[in-house]
Amino acid sequence: MITGSCLCGANAFQLDADPGPVTACHCGQCRRYSGFHAASIDYEPENMRWLSQGHLRRFAHPSGSTRVFCGRCGTKLWFEYAGGGLSLEAGIMDAPNGARMAEHIFTAFKGDFYDIADCLPHQEQYGD
Ligand SMILES: [Zn+2]
Ligand SMILES: [Zn+2]
C-alpha cells in the first residue's frame, strides 16, 4: 500500500492503485510554485483514500487551474486541471513506491539555472 502525507501530518492518504508515470513540468507556474520543476502524477481521485485532511488552502490561477497545498506546513499536495482531473505531487508519497519520472514538459520555460541531464522524452510546449 502506498501512503503519503504533508510535512506537518495534517494531511495523510493512501493510494488504492499504483501511481502512474511522473511528469516533470518546467512551466512558469510550476517553476514559481516549486522553486524548481514540478514532479507530479495524474491520478484518479476515487482511488485515493484520505486518512486525514486539514489546513487545506487553494490557489486558483487565472488560467483555470487550481493548486492545493497545506496552509500549515506549505507542502504542495495536488493540482487540479482547468478541464477536470487531478495531478498529485510525486514528492508527497512515501518512497519507495515504484513511480518513475517518464517525461519533461514545457521545457521552453525551464529555469536557466539547471540542465536536463537525462534522456527522457521532452516537449518544449505540451500536447504538441
Ligand atoms: Zn501540513
Ligand atoms: Zn507546470
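All ligand and atom numbering here is 1-based and tracks the order in the structure. For this chain, numbers begin at 1 and follow the sequence in order. All values below come from the heavy atoms of this structure, side chains included, with hydrogens, waters and symmetry mates left out.
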Contact check: H26 to the Zn ion (ligand 2), N/O/S below 2.8 Å: no

Does a side-chain heavy-atom distance below 4.5 Å link Q123 with E103? yes

Under 4.5 Å between any side-chain heavy atoms of Q14 and T3, yes or no? yes

Is the ring pair F69/Y33 parallel, tilted or perpendicular, if the boundaries are 30 and 60 degrees? perpendicular

Side-chain contact, heavy-atom cut-off 4.5 Å: C70 with L7? no

Counting backbone and side chain alike, does C27 bring an N/O/S atom below 2.8 Å of the Zn ion (ligand 2)? yes

Within rounding of 10°, what is the angle whose vertex is the Zn ion (ligand 2) and whose arms end at SG of C30 and SG of C25? 120°

Euclidean distance, K76 NZ relative to S40 OG, rounded to 0.5 Å: 8.5 Å

When the aromatic ring centroids of H26 and Y114 are compared, is their separation below 6.0 Å? yes

Could you tally the protein N/O/S atoms lying less than 2.8 Å away from the Zn ion (ligand 1)? 4

Which value, rounded to the nearest 0.5 Å, describes the distance between N11 atom CG and L56 atom CG? 5.0 Å

